[in-house]
Amino acid sequence: MAAQIIDGKQVAAGIRAELKDEVAKLKERGVTPGLGVILVGDDPASVSYVTGKERACGEVGIYSDHNHLPAESSQADLKRVIDRLNADPKVHGILVQLPLPKHLKESEAIFAIDPSKDVDGIHPVSVGKMVTGERAFLSCTPHGVIQLLVRSGVKIEGSHVVIVGRSNLVGRPLANMLTQKKATGNATVTMCHTRTKDLARYTRQADILVAAVGQPKTITVDMVRDGAVVIDVGVTRVEDSTKKAGFRLVGDVDFDAVKEKASLITPVPGGVGPMTITMLLYNTVESAKQAAGLV
Ligand code: GUN
């Protein structure tokens, strides 16, 4: 039977409506959540992500402080902008869009963010707190994946989740979140990566299969168990002259074939992507509430 498609746009719209109400109430109390966004260079995918994030901020009433630096900016130039945003009380969250141009050290930039404004959940303090079960800003894509599962009625507790991909932005934090001792965790997680031998042997055992590799068609239909839940985090631009933009976005999963075997599946685009942005907005609102002493 064909899978039910998880509509990430619809789930995200529901959360954004809740956030819009919350922001309106905060504004009545004199608190306007603010997000500082830093983009270095002109990588087209990054420009598009940042534009989407800032548009979404506007839609829910979050103030955004846009900082577009030239590609040739130095580490010190970037640090100056981060320091200014760290010191600005109107800014409750800071997002440095990754990847940075090759000559810049991402870890140095991330370490420079005040952890209390790390709404991206990628500073080592946030990651350490998340891993040890302390309250922390959760990294947006893995948090979005969990919210998609929960809001689609998928039981995480006790399930076997197989994650393909071990990045710091997705695979690694997701594995940690899913093994936390709480209702949105308590899963058994297998983490696979580029050096995993016989990948299909593991993916076929998944109740929930998460692909976060960035390689189209990494997950083919023979690698999926009947009735599995399949979450596709991959986003790759593939040339397509029939599209106005000259490209289309494809995930890591062979969607057309796998949708005939899975019970639930996310599309690309319109699956995980809208959730990533939404969880960034969520964290920014949380940070503003914390700064105002409201939580
Ligand atoms: N680039 C792609 N995804 C992300 C993300 O979640 N955060 C940041 N900072 N950069 C990204």
Side-chain angles (χ1 to χ4, degrees), residues 8 12 15 35-57 62 64-69 71 73 78-79 81-82 85-86 91-102 104-115 117-127 130 136-148 163 165-177 210-215 231-237 249-252 266 268-269 271-284 286-287:
I15 302 175
L35 177 69
V37 178
I38 305 173
L39 170 65
V40 187
D42 300 290
D43 170 68
S46 293
V47 170
S48 159
Y49 287 139
V50 162
T51 307
K53 286 168 183 174
E54 290 179 330
R55 188 186 308 128
C57 279
I62 294 175
S64 67
D65 183 326
H66 177 81
N67 300 269
H68 192 174
L69 277 64
S73 300
L78 175 55
K79 172 103 175 9
V81 179
I82 296 171
L85 295 172
N86 278 339
V91 171
H92 305 99
I94 299 172
L95 174 104
V96 178
Q97 184 65 28
L98 303 176
L100 290 171
K102 289 271 179 296
L104 296 174
K105 287 204 187 86
E106 288 185 355
S107 58
E108 241 179 67
I110 293 165
F111 285 23
I113 298 169
D114 179 339
K117 297 191 177 188
D118 175 35
V119 291
D120 216 10
I122 56 175
H123 189 287
V125 168
S126 309
V127 177
M130 180 272 289
F137 294 120
L138 299 179
S139 179
C140 302
T141 301
H143 192 194
V145 167
I146 290 176
Q147 285 302 312
L148 259 190
I163 302 172
R166 56 179 157 186
S167 68
N168 285 338
L169 276 177
V170 187
R172 234 185 273 276
L174 181 61
N176 272 292
M177 288 178 203
V210 181
V213 184
Q215 277 296 328
I231 304 292
D232 193 348
V233 185
V235 186
T236 304
R237 287 181 169 207
L249 298 178
V250 297
D252 291 343
T266 58
V268 176
V272 174
M275 293 300 290
T276 297
I277 299 182
T278 302
M279 300 330 290
L280 178 71
L281 306 178
Y282 174 88
N283 282 347
T284 304
E286 281 305 301
S287 184

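No hydrogens, no waters, no symmetry mates; every other heavy atom, side chains included, goes into these values. Counting starts at 1 for both ligands and their atoms, in listed order.
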Discussion item. So does Val127 get a backbone contact from the side chain of Asp118, meaning a donor-acceptor N/O pair under 3.5 Å?
Written reply: no
Discussion item. Is there a side chain to side chain donor-acceptor pair (under 3.5 Å) between His123 and Asp114? Walk through the geometry before answering.
Written reply: CA-CA 8 Å; His123 189 287; Asp114 179 339; over 6 Å; no
Discussion item. Can you give me the closest heavy-atom contact between Phe137 and Ser126, atom names plus distance?
Written reply: O-CB, 4.0 Å
Discussion item. So, applying side chain to side chain contact (heavy atoms under 4.5 Å, CB included) with Val233, which one of Val213, Ile163, Val145, Asp252 is it?
Written reply: Val145
Worksheet entry | Residue from Ile38, Val47, Leu39, Val37 passing side chain to side chain contact (heavy atoms under 4.5 Å, CB included) with Gln97 | Leu39
Worksheet item: Which parts of the protein, at residue level, reach under 4.0 Å of ligand 1 through a heavy atom?
Response: Leu95, Val96, Gln97, Leu98, Asp120, Leu169
Item to complete: Supply the atom-to-atom distance Leu95 CG to Asp65 CG, rounded to the nearest 0.5 angstrom.
Response: 12.0 Å
